[in-house]
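What follows is one structure encoded as structure tokens, with my remarks underneath.
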There are 2 protein chains.
Amino acid sequence: MLHHGFYRMVTTIVFIAAIYFAGAANAAPAATNEETPKTLGVVLYPGFEVLDVFGPVEMFMSLGTSKVRVVMIAEKAGEVPSGAGGDKAGAWSGPKVVAEYGFDNAPQIDLLMVPGGFGTMQQTQNAVCLNFLRERADKAQYVMSVCSGSAILAKAGLLDGKKATCNKQFYGLLTSNGPKVDWQPKARWVEDGKFITSSGVSAGTDMALAVIAKLYGEDTANGIAKGTEYVWNADPSNDPFAKDAK
Amino acid sequence: MLHHGFYRMVTTIVFIAAIYFAGAANAAPAATNEETPKTLGVVLYPGFEVLDVFGPVEMFMSLGTSKVRVVMIAEKAGEVPSGAGGDKAGAWSGPKVVAEYGFDNAPQIDLLMVPGGFGTMQQTQNAVCLNFLRERADKAQYVMSVCSGSAILAKAGLLDGKKATCNKQFYGLLTSNGPKVDWQPKARWVEDGKFITSSGVSAGTDMALAVIAKLYGEDTANGIAKGTEYVWNADPSNDPFAKDAK
């Protein structure tokens, strides 16, 4: 038992040391944006798609809170249910994620991110959400969307005259929300000024690493991909799903 | 304005029809396990890794609630904070996910899943968690883990004499939790009887699609990968991160 207890203690110390080392290793190469942590504000709504949110969030969280603080925001603070394609519209029975802030008390957002999901269409007709996005996009350093999230940005008028992309499965429907947007049918993600829009669901993770590379360098992005055992598609023009665009 | 309203209505109808169609398309090819929905029980704990959970959950949710119902479970029901490598140990400041059930009132679990994360080591020493896993693994059809989650299963003794894998970055530390486990240093995921353990973080998504293929057929798994624009690594022996195993 003594040996067992000692072993546990050593294991725990090694693990804590590993965490500190991982933090220090992360901190070292980033010379560009070290001053204060940036705030990544993720806008949740009923029927958001879980991987649209947590693919990118995983990558940003891996930077550590000294670089990026992740905050979940919704129209009203509280628990927000996710949804999926197999559900009937409006029956958002997926796992609930806590929005710590409502639109009324959200902090300054440096990196604004709008996920997609089957709840998207309700938000394209929600003036409160569109107004919040217009107001906060104006003050953000970068505005990202994943999947159908770009339809909400488009409906807010934020993508007018800009290049953007979205989910390829519902391409025609989604792009109809932005007749003045220069939609790209073949792109894993598209950058135009401060707006960076990704293709469907999984593409958001690739986009997030690209944004991390812009802010903190390629080495940091590659280190995070390796740490999360993620095969990063780092080429925005490599869109394996473009052929489905209608 | 009349035209605009009409356009909105048509758009909405098309979208709702698309959702129903997607649901129907999903339902069609699955002849194997149609009777009652299976329950995927995901065990959350403070400091769980978000993509470990939501990569697989995205894929299972894409089956629709007629096939799989996803439930979040924790030692006590309520909000559970996630964590990441950049955080100091114990300071789990990540997004919170709601556990609808506690260990005391969790429903029957058909597909049990244990994520990894920097909170793993605390759970390897949490007898309440280990007991719950032993009890529920016994009654489950499949028991999955992602990343360091297999260290918890190993500590519970569930992997003794079985082939398993885990995260490759902390391989030595994690495998020390199961001296009687036949650990595999090169595997995207490993299946041994009812236990299916994946490598780090992103590997869980590949494993989830493999389990979906086992339960509902390859076509269904490929359809979900396409719908979520995910490049599925469908070969468990293709482990791009195996070289880091220590």
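Reminder, nothing fancy here: chain letters follow the sequence lines and each chain counts from 1.
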Find the one option among [options] whose heavy-atom pairs under 4.5 Å with chain A are most numerous.
{"options": "B/V97, B/D52, B/V201", "result": "B/V201"}
{"options": "B/R69, B/M72, B/E79", "result": "B/E79"}
{"options": "B/C147, B/A203, B/G55, B/S199", "result": "B/S199"}

Side chains of [X] and [Y]: does their closest heavy-atom pair fall under 4.5 Å?
{"X": "A/V98", "Y": "B/P95", "value": "no"}
{"X": "B/V231", "Y": "A/F241", "value": "yes"}
{"X": "A/L51", "Y": "B/L51", "value": "yes"}

* **Test side chain to side chain contact (heavy atoms under 4.5 Å, CB included) applied to B/E100 - qualifying residues, sequence neighbours left out** => A/K96

* By side chain to side chain contact (heavy atoms under 4.5 Å, CB included), which residues pair with A/A77, not counting sequence neighbours? -> none

* Asked: Between the side chain of A/T228 and the main-chain N/O of B/S202, is any donor-acceptor distance below 3.5 Å?
  -> no

* Asked: For the side chain of A/E229 and the backbone of B/K168, is there at least one donor-acceptor N/O pair under 3.5 Å apart?
  -> yes

* Sort A/A99 into side chain, backbone, both or neither according to what part of it lies under 4.5 angstrom from a heavy atom of chain B. => neither

* Go through the atoms of A/D206 and report whether side chain, backbone, both or neither lie under 4.5 Å from a heavy atom of chain B. => neither

* To do: Compare every heavy atom of A/T65 with every heavy atom of B/S93, then report the nearest pair and how far apart it is.
  => OG-CG2, 3.5 Å

* To do: Measure across A/M61 and B/S82 and return the closest heavy-atom pair with its distance rounded to 0.1 Å.
  => CE-OG, 3.8 Å

* Structure fact -> Cut-off 4.5 Å, heavy atoms of chain A, and the answer for B/N167 is both

